[in-house]
Each structure stands twice: as structure tokens, then as C-alpha cells.
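Note on naming: letters A, B, ... go to the chains in the order of the sequence lines (proteins, then strands), and numbering restarts at 1 for each one.
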Amino acid sequence: MYDDPVGDATSALRDHEARRIIEAVVLAATDPVEPSLLAQLVELPVARIEELCAELAEEYFASGRGFVLVRIAGGYRYQTHPELAPYVERFVLEGQHARLSGPAFETLAIVAYKQPISRGQISAIRGVDVESVLRTLLQRGYVEEVGRDPGPGNAVLYGTTREFLERLGLDSLASLPPLGDFVPGPEVVESLERGLRVSDQPVPSSDEPGPATG
Amino acid sequence: MYDDPVGDATSALRDHEARRIIEAVVLAATDPVEPSLLAQLVELPVARIEELCAELAEEYFASGRGFVLVRIAGGYRYQTHPELAPYVERFVLEGQHARLSGPAFETLAIVAYKQPISRGQISAIRGVDVESVLRTLLQRGYVEEVGRDPGPGNAVLYGTTREFLERLGLDSLASLPPLGDFVPGPEVVESLERGLRVSDQPVPSSDEPGPATG
Amino acid sequence: MPYAVRTEVFEGPFDLLLHLILKQEVDLFEVSLTRIVDAYISELERMEALDLDVATEFLLIAATLVELKARRLLPSLEDVELDEELLRFEERDLLLARLLECKTFKDAARALEARVRLADRSLPRRAGPEEPFRSLAPDPLERVAPSRLLAAALRALAPKPDPLVSIEHIAPIRASVREAVEWLIAQLPESERVSFRDLVRDAPSKLEAIVRFLAVLELYKQGAVDIEQFTNFGDLQLRRLQEGENALDAASLAEWDDDATPRPPPVRAEAVRE
């Protein structure tokens, strides 16, 4: 962009130095490092930090390193390459997390998408009492109290934690797949509708016998 | 060394894979990793591991990475490049909002109030295995081994340290705020353990053929 | 891999209903509400140990289904009052909406689970800074008030409240068919018509009304009462029959309340009570 070769060289040097600082700081961190913090240390704009981190990540990936640089829970961190899981697992046994049960995941999904939400509201969606499941989620640090319902009863409201983002490998709640992706397709809706049809007169679309699903 | 080009290609592939495994394992480790352990994981002789590590270290150095691979205390570990010390120092001093994770804090609270307590008993209360959390607390020096359970198994019993008291500004354990009346005794903890197990059980594993999806 | 035969465990009424409806869709070309209702109720029978709250929810849905089925079996809808018709659709749509919501989150849960499984394949670096730096790091416990530790301990140690103690759930559904039968007999004057609506007017809950209805059916089955309905969806008129008075079949009644009975009735209302 500039014709000044010295300026170019200087900025290349700066970038190289900035990358080294990012590498050192992220390596020393125990939690994901926010780009704003890196920007302060390196004295570059946040946007530039993001670019440099993306370049680093790409570089590691391209040269087949055993680690990756990822953006998680709003920051950058090093983690092992997923392909090497079998080796790492053999070495770091205690890193293994206890699996959550299916119902626990359903409750977690409801909290994730509907937060802040009360226990009663979760129960209403699931059709079962969720107390013990919610307790498990609280204990494992996936979910936390985030406030109180201002309405009568002042029910405790729950939301997901930073730990939740880390465990799912998400940068933020915005990176959750949109809930709309999971709304049942027309064929499921139709079969549910038919299953609960009140009158025996066939619904126009289901007149022809034969499964509607493919 | 060999003239066999195929064999060369294969061994190059092996070396590349071995380097990746070393990178991943050393990155994930909290302590220096012994070469003999790496040799086992990679299934190569220790001498070859040492060579590969030296190559990796040289590669990081030559390309001016912000981290270095060093041999220390009989093993390999990553650490920050000495040239970047001022940045790492600043980061550690002000940037890193040191925090104990929720689970670590709760585990510490359990040890503080129920000491001496075994790892199994803590796990029973928390409903998850606490090995890695306990390790963090031990490393931090908040918790230490205080004895052995006289019962079968001779489980290690943990308690809090002097440093823990100092950090909290407490004279002795007696100055901890009292838990109050509803603290369950050991027998309740046991039934709680059962309760937790039951509450986690009734659930089909998510792999089971649940309701057919559309 | 051999085809594994497993007993399905349904975690809630929506779970079960979803499964039944979607399975029907696969098995049969035409979804039949009748079959679904029957399957639902027989599934209820199969479940031996039902959690109190779960049982209530299961039962309410069973009641809704039975209601939908009953309405479908009625020959003509000509005289239906508009209100009733609207109500009918509302109930159905409500159930449908809940089923869809349930299914949506079920699938979302699977996606989250897959993500966790994927994320589990990578381990983050947790070693932290190496030595000279490590001692520089502020201690995480510094400036932590002991009261926070207490709060964490209480959170971690709090015993799980016994789910059976929850009074709100028990109180409104303290209804057994056997008791309702006794109550009904006391309510029914001899040889005089009584409106069913009057009988359930003071019912404290929907469930209580359902139980009273089941009691009426039981009395009818035993020949103790006669039931007439003059219009579709009209009120039921009950009349106590003389000869049935002393002929109540205690064994049949016991079925409603006794868990150990070999032939459980289709809907075991007392499961809610225990």
C-alpha cells in the first residue's frame, strides 16, 4: 500500500513481533485470552490482533502442528489437535469429563436457548420436573443462577456459564446453531398433526395413503 | 541412511506424526513430560524421541516462535521465549484475572468444611470425578494430604493448608463462617451419593433409539 | 451388530407421545389417534414406578388424548356449540405446540451433545505460566471473602430436597377412584337425576373431575347407575339404580387402588396418590 520500503519492512517486523507476543501470552494463559487484552499488550488495534491470530491459526494448521489456536468463550487459546485425541487421552486421563445424560442435555439446550429461564419454565417445556437434572448442570458448572424473575414468586433464573462455552468449544452464545435449525420439518409437523387429528375427515394433504416422509 | 525410497517416505510420515503427537501431549501436560513416556505413546525408541524433540525445539527457534520447547526436570515442556518476558510478566501481573473455576471453588469449599475428606467422598458430594480439580488445588497449595483413611483402601485424606487460611485472612479453621444446621452428616452424604446416582440413571443413554426423528 | 432389543425408557409424557406418533407414522400408512391413545395408555400401564410429578403429567396428557379420541368417536358434530369446538381445537393445538417445542429442543440437545463430543477431542493448555511468572500471578483466593466460600459450600452440600415432600403437587391431586365412588354414592339420591356437571362443579382440579368421571363409569359398569346424555356434548344425567346399591363389586373397586392387583385398570389414578 505504501511505497516506502522501510515502512513495509518495519511493519513486517512489527507483525512478526506481535505474533511472537501473542504466542507467548496465549501459551502462558490458563484461560482464553481476550483479543482486547492482546491488543493492549501488543499495542495494535483489536481488529489487527484478530487478523494476526487467524494467520497464526492457519499457519499451525497448514504445517500440521499437533496443536491448534482457537477462539473460544471470547478469547484465544491453544489446544491439542482433535486428530491426536487418542494419544492425548491416554496421557491425560483426568481431563476426561463425565458424560452428561440425554435428559441433562435437553435441559441444557433449553437453558442455552431460552436464558434467562426459571426451573418452572424448563419443566413446562420438558413435561417433567427438572430439579435433579438442573442440579447436575449447576454442579458441573454448565449452568448458573443469573438473576431473579421480577414477577411474583421471584423465581431463580438460570443461564449458561463461560464453562459451558468452553466445554462446547463455542466463542459465544451467538455461535450456537440457530434454534430454527431444529424446528421439526413439515413432515414431522404433519404427522404430529395427523396423530392428534380430532375429526376423522382426512386432512386434505394426507388424503392419499402412503407415508408422507421420505 | 537407507536407499529404499518407500521406506524413507514411510519413516518421514512416521516422524511427522510423532512430532505432532509430541507437540500435542507436551502442550496438554501441566508438568514436564518424560521422554520415556513419549516413547511409549509414539512407539519409538527414547533416543529417537530426544532427536525429534531437539528438531522441534530447533524449528521453533529458527522460525522465531514466541514459545520454546525445553528440557527441564527430566522432561519436555513448552515455555515462553525469554525475549518476551516483559510482555508475559505484564500479562500475568495485570491481565490474567486469576480465578478459580466454579467447580474448583466448590471443591475447595467442600474440603474446607468437611476435612479430612477423601477424593471419593468429594466426588460423591459433587457428583463428578474431582481428580483434575483436586490436582489444581494441590498445585496451588490450598489443599494437602493430611492422612490416610484407617478403613479399607486407606484412601488419602485431604485438608486445607496454612496458605489457604492466610489467603482468606483467617486465623484458623474455626473462624470459617459456620455452615448452619442443615449440613448433612456422612450418612446423608452417602445417601446423597446414591440419590445422585439414581437421578443420573433413569435416563436412556442418548445413543439409545429414542423417538424416531423426522 | 445384532439388532438390540431394548426396553424404551421414556422420560416424560411428551417423550412418549412423540415416540408413539412418529413411530406410527413409520409403521402404518395412516396415523390413527385411536391407536395412539391405546398405545399411550398401555405404555402407562407398563410403567411401574412413576415419579409423582411425572405421573401427573402423564395422566393429564392421557386425559387430553382420551378426550380427543372420545370426540372423534362421536358420530356428528352438527350440534356442537362453537365454544366447545374452539376449546377442542385449543386443547389439541396446545398439545401440538408443546410436542413441537419438545421435539425442537430434543434435536437441539443432540446437536449440543455432538459439539461436546467434538470439543472433547481437544484438550486446552492449562499449565499456565512457567516459574518466574507463576509466582507473580495474583492469587485467585486473594480478596475472596470467606462468605463466598460458605456460599459455595452450601451450594455443594445442600441435600437434594425430597421430591415427595412437595405439597403443592400432592394437594390438588389427592383423588382416588375408590374414594370418588364412595363419595358419589353418598351424593346420588335414589331415583333422581343428577347432572354430572353439578357433580364436578366443586371439583378442585381437572384431575379430580376426571377421577369422578372414572368413578361414574365404574358405577355404570357395575350397574349401580344409569347414564343418559340427551345431546351431543350435552350434560350427563346420572340416576342411581335401586338394585345396584348393595351389589358393588369390591374386588373391581379394589383394582383402582391396589397396586398388587393382577389386572390393573387402564388408567391408574392412584399412582398419583402414592
Side-chain angles (χ1 to χ4, degrees), chain A residues 27-30 67-68 70 72 77-82 85 88 92 95-97 100 102-103 105-106 108-110 112-113 123 125-129 131-132 135 138-139 166-170 177 179 181-184 188-189 191-200 206 209-213, chain C residues 11-15 17-18 20-22 24-26 29-31 33 36 51 53-54 57 61 65 68 71-72 77 88-89 92 95-96 98-113 115-116 118-130 133 155-156 160-161 163:
Chain A
L27 186 93
T30 45
F67 48 79
V68 289
V70 291
I72 262 169
R77 80 171 180 200
Y78 282 114
Q79 57 187 41
T80 58
H81 194 297
V88 179
V92 200
Q96 299 314 300
H97 297 267
L100 281 183
F105 267 112
E106 278 172 39
L108 187 60
I110 294 170
Y113 284 101
S123 292
I125 294 175
R126 300 214 50 231
V128 286
D129 186 56
E131 166 161 1
S132 73
R135 233 177 90 89
L138 283 162
Q139 275 178 342
E166 286 187 27
R167 294 284 293 109
L168 268 85
L170 295 172
L179 190 58
D181 289 1
F182 307 111
V183 171
V188 174
V189 175
S191 68
L192 287 180
E193 250 174 353
R194 258 188 283 156
L196 297 176
R197 197 169 62 225
V198 175
S199 92
D200 249 337
S206 66
T213 48
Chain C
E11 221 238 330
F14 296 133
D15 229 22
L17 191 52
L18 268 175
L20 291 175
I21 295 178
L22 297 176
Q24 293 263 327
E25 177 67 22
V26 174
F29 282 3
E30 193 58 24
V31 181
L33 178 64
I36 288 169
D51 181 83
D53 297 327
V54 179
E57 196 69 50
I61 291 198
L65 285 176
L68 290 174
R71 278 170 181 167
R72 224 168 117 175
L77 303 171
R88 182 162 58 99
F89 280 113
R92 193 197 82 123
L95 189 56
L96 190 64
R98 293 188 72 178
L99 280 177
L100 285 175
E101 192 173 36
C102 188
K103 175 103 177 79
T104 302
F105 282 111
K106 258 181 160 342
D107 292 347
R110 296 240 164 92
L112 294 195
E113 202 175 348
R115 241 158 222 280
V116 168
L118 191 75
D120 264 348
R121 298 184 64 76
S122 285
L123 255 104
R125 177 161 173 88
R126 292 273 189 224
E130 66 268 7
F133 306 111
R155 211 161 48 234
K160 211 172 98 155

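- Between C:F105 and A:I125, the shortest heavy-atom contact is CD1-CG2, 3.9 Å.
- Atom-to-atom distance recorded for C:D107:CG and A:E106:CD is 9.0 Å, nearest 0.5 angstrom.
- Interface residue A:L170: only side-chain heavy atoms are found under 4.5 Å from chain C.
- When atom types are taken as modelled, the side chain of C:R125 and the backbone of A:Q79 share no donor-acceptor pair closer than 3.5 angstrom.
- Looking at C:F133, neither its backbone nor its side chain comes within 4.5 Å of chain A, counting heavy atoms on both sides.
- Counting all heavy atoms, side chain and backbone alike, C:K103 lies closest to A:P184 at CG-CG, 3.5 Å.
- Taking 4.5 Å as the limit, every side-chain heavy atom of C:T104 sits out of range of all side-chain heavy atoms of A:Y113.
- The distance from the CD atom of C:E101 to the CG atom of A:L179 is 9.0 Å, given to the nearest 0.5 Å.
- Side chain of C:S122 to backbone of A:T80: a donor-acceptor contact under 3.5 angstrom is found.
- By number of non-hydrogen pairs under 4.5 angstrom with chain C, the leading residue of A:L138, A:V70, A:V183, A:L27 is A:L27.
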